[in-house]
Amino acid sequence: MLKRRIIPCLDIRDGRTVKGVNFVNLKDAGDPVELAKIYAGHGADELVFLDITATIENRKVLAGLVERIAAEINIPFTVGGGIHGIEDVSLMLQAGADKITINSSAVRRPELISEIAGEFGSQCVVVAIDTKDHENDWIVFIDGGRTPTRHRALDWAKKVASLGAGEILLTSMNNDGTKEGFALDITGDVSRHVNIPVIASGGAGKMEHFRDVFFNTGCSAALAASIFHYGEIDIRELKQYLKKEKIAVRPAPFPLKGV
Amino acid sequence: MIAIIKYNAGNIRSVQNALKRLGCESIITDDKKEIISADKVIFPGVGEAGSAMRYLREKDLDELIISLKQPVLGICLGQQLMCRYSEEGDTKCMGIFDSDVRLFPQVDTVPHMGWNNFFSLKGVLFESISATDDVYYVHSYYPEISSCTTAVCDYILPFSAAMQKENFYATQFHPEKSAATGERILKNFLEL
């Protein structure tokens, strides 16, 4: 049976992780590779690295980081931030990324999706959609959530799927940072109406939230950042909990001790 | 020395990285002499069947692969190209495995992407591997079940998760991205 995936997301600035991390055994909390290895060891199913600075100078730094991650990590990973064209994609894939994610650049130039899919295959194109509920209308935002667009989330999701996206990373801005759970309505809607995998994002605060989003929507994966980084939820524990709740997940590789 | 066949498909370096983590050096090459003299050959790939097959034919690599006598491991697109035919781009493939490659019916999410298990495991590749172990898949086309099938995965319908015929081995999933389970499968291949 195909398993629902748990995906930690790491924000990167100048090749270092941004958010504070409190793992006891971490030698260097700012090193994305160290952190990625811990997550992979805990049973993360994939990883997402988002470069939040994403300037041209930083792209080389990011490519260097991607090479180190690819050398050390034995699960798939996605890289995003500042990807505007085929050359950026090529650079990241050559460095060893399995997938890239695009957001604003896809809204500005939707053909970019089909160009990347045509050149490298749909499987490596994750289109990120940031959306905010405004009077029961889910509007797509770009530029890190600063700029509203004319797109509605569901229509845009269908459009990106038809252009050759391999996966959708759907973030509800209303829920992001609240720790009150994922947006079940829009996640359910998009998952029902597109035929490609949907990753739910924004709002995870408790293990129950993961159960709820998997139980109530057809999403393929759930992504979270701070609750993993701050150690509020241990991925091994989360996997055990979801299994008990009859959600199909890949078990954590090592048995949990003392939990 | 392990040779990883270089052609116009993605994700080739991740195989080299995975071998390196297992302490095994490899070369990525399309040089015929290097491929023929390698102890083992890996034929990986993510991409489109039609253009990949055209590229292999232009370089005569298809004939070379078919003629190899040492253990060969095809991964993902590699496995599909070792079959008879692929619906992707209406492509005649190498015909090592008596199986055709078809597009998943669109009754569930396609691509089949993520961790899934397998069953009816046969052969040395699956030494110490159990049917409850998960491996990472990402594909929209699947190889049909045939007499060469050594592992079955069920997604939308049952398909060949792995195949073997004589010295030719292949997996639809990505052992190089499948954590400890994938490493074990690669190790089993390296120890052949």
Side-chain angles (χ1 to χ4, degrees), chain A residues 1-7 40-46 66-77 89-90 93-99 117-126 161 164-168 191-192 194-199 218-221 248-254, chain B residues 8-22 45-49 51-52 76-77 88 104-119 130-141 153-156 173-184 186:
Chain A
M1 186 183 228
L2 184 62
K3 310 300 186 292
R4 309 308 260 289
R5 287 169 283 154
I6 301 293
I7 307 179
H42 285 184
D45 296 305
E46 281 186 48
V66 168
E67 278 188 21
R68 285 180 55 221
I69 296 165
E72 300 262 0
I73 301 301
N74 58 9
I75 58 172
F77 69 97
V89 178
S90 179
L93 296 182
Q94 272 174 27
D98 297 286
K99 312 176 191 179
E119 183 81 21
F120 306 103
S122 287
Q123 83 293 330
C124 74
V125 193
V126 183
E167 208 168 12
I168 289 171
S191 307
R192 229 183 345 269
V194 298
N195 204 31
I196 56 175
V198 173
I199 305 167
C219 72
S220 301
V249 288
R250 182 175 69 107
F254 305 110
Chain B
N8 63 335
N11 268 22
I12 286 177
R13 253 193 57 201
S14 57
V15 174
Q16 187 170 43
N17 281 329
L19 295 180
K20 203 167 180 186
R21 286 193 292 271
L22 291 168
V46 167
E48 199 268 328
S51 63
C76 192
L77 180 64
E88 189 177 28
F104 277 120
Q106 312 277 309
V107 294
D108 199 343
T109 306
V110 176
H112 173 218
M113 184 187 280
W115 297 81
N116 206 335
N117 56 323
F118 36 30
F119 52 91
S130 105
T132 55
D133 290 331
D134 292 302
V135 285
Y136 190 81
Y137 297 82
V138 48
H139 59 123
S140 299
Y141 292 80
C153 176
D154 193 358
Y155 183 74
I156 300 181
F173 55 85
H174 289 274
E176 77 280 13
K177 287 286 165 184
S178 295
T181 303
E183 281 169 2
R184 180 69 217 205
L186 281 177

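It should be emphasised that the depicted structure is a prediction, and the values quoted were computed from it without experimental measurement. Just so it is clear: chains get the letters A, B, ... in the order the sequence lines come, proteins before strands, and each one is counted from 1.
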> Out of curiosity, B:Thr109 OG1 to A:Ile196 CD1, how far, rounded to the nearest 0.5 Å?
Replying inline: 9.0 Å
> Knowing that exactly one of A:Val249, A:Ile75, A:Leu2 qualifies, which makes a side chain to side chain contact (heavy atoms under 4.5 Å, CB included) with B:Trp115?
Replying inline: A:Ile75
>> Quick check on the structure: residues of residues 175-182 of chain B within a heavy-atom distance below 4.5 Å of chain A, by number.
In response: B:Glu176, B:Lys177, B:Ser178, B:Ala179, B:Ala180
> Picking from A:Pro197, A:Gly166, A:Ser220, which has the most non-hydrogen pairs under 4.5 angstrom with chain B?
Replying inline: A:Pro197
> If you tally heavy-atom pairs under 4.5 Å against chain A, which of B:Ser51, B:Pro111, B:Gly47 wins?
Replying inline: B:Pro111
> Got a second to check how far B:Asn117's CG is from A:Arg250's CZ, nearest 0.5 Å?
Replying inline: 12.5 Å
> Side chain, backbone, both or neither: which part of A:Leu93 has an atom under 4.5 Å from a heavy atom of chain B?
Replying inline: neither
> When only pairs under 4.5 Å are counted, which of B:Tyr155, B:Tyr136, B:Phe118 shares the most heavy-atom pairs with chain A?
Replying inline: B:Tyr136
> Given a strict heavy-atom distance threshold of 4.5 Å, which part of A:Arg5 is in contact with chain B: side chain, backbone, both, or neither?
Replying inline: side chain
>> Using 0.5 Å steps for rounding, measure from the CD atom of A:Gln94 to the CZ atom of B:Arg13.
In response: 8.5 Å
>> For the backbone of A:Met1 and the side chain of B:Asp154, can you confirm whether one donor and one acceptor N or O come within less than 3.5 Å of each other?
In response: no
> B:Asn17: what forms a side-chain contact (heavy atoms from CB on, under 4.5 Å) with it, not counting sequence neighbours?
Replying inline: A:Ala70, A:Ala71, B:Arg21
> Of the listed residues (A:Cys124, A:Gly96, A:Gly121, A:Pro76), which shares the most heavy-atom pairs with chain B below a 4.5 Å separation?
Replying inline: A:Pro76
>> Taking side chain as everything from C-beta outward and backbone as N, CA, C, O, which of these in B:His174 sits under 4.5 Å from a heavy atom of chain A? Side chain, backbone, both or neither.
In response: neither
>> Quick check for you: among B:Glu48, B:His139, B:Gln106, B:Lys20, which has the greatest number of heavy-atom pairs under 4.5 Å with chain A?
In response: B:Gln106
>> At a 4.5 Å cut-off on heavy atoms, which part of A:Ala97 comes close to chain B: side chain, backbone, both, or neither?
In response: backbone
> Side chain, backbone, both or neither: which part of B:Val138 has a non-hydrogen atom closer than 4.5 Å to chain A?
Replying inline: side chain
> In terms of heavy-atom proximity below 4.5 Å to chain A, should B:Asp108 be classed as side chain, backbone, both, or neither?
Replying inline: backbone
> Is chain A contacted by the side chain of B:Gln16, its backbone, both, or neither, given a heavy-atom distance below 4.5 Å?
Replying inline: neither
> Hey, what do you get for CD (A:Glu46) to CE (B:Met113), rounding to the nearest 0.5 Å?
Replying inline: 7.0 Å
> Top residue by heavy-atom pair count (under 4.5 Å) with chain B, among A:Glu119, A:Gln123, A:Lys3, A:Glu167?
Replying inline: A:Lys3
> Side chain, backbone, both or neither: which part of A:Glu72 has a heavy atom under 4.5 Å from chain B?
Replying inline: backbone
> Side chain, backbone, both or neither: which part of A:Ala248 has an atom under 4.5 Å from a heavy atom of chain B?
Replying inline: neither
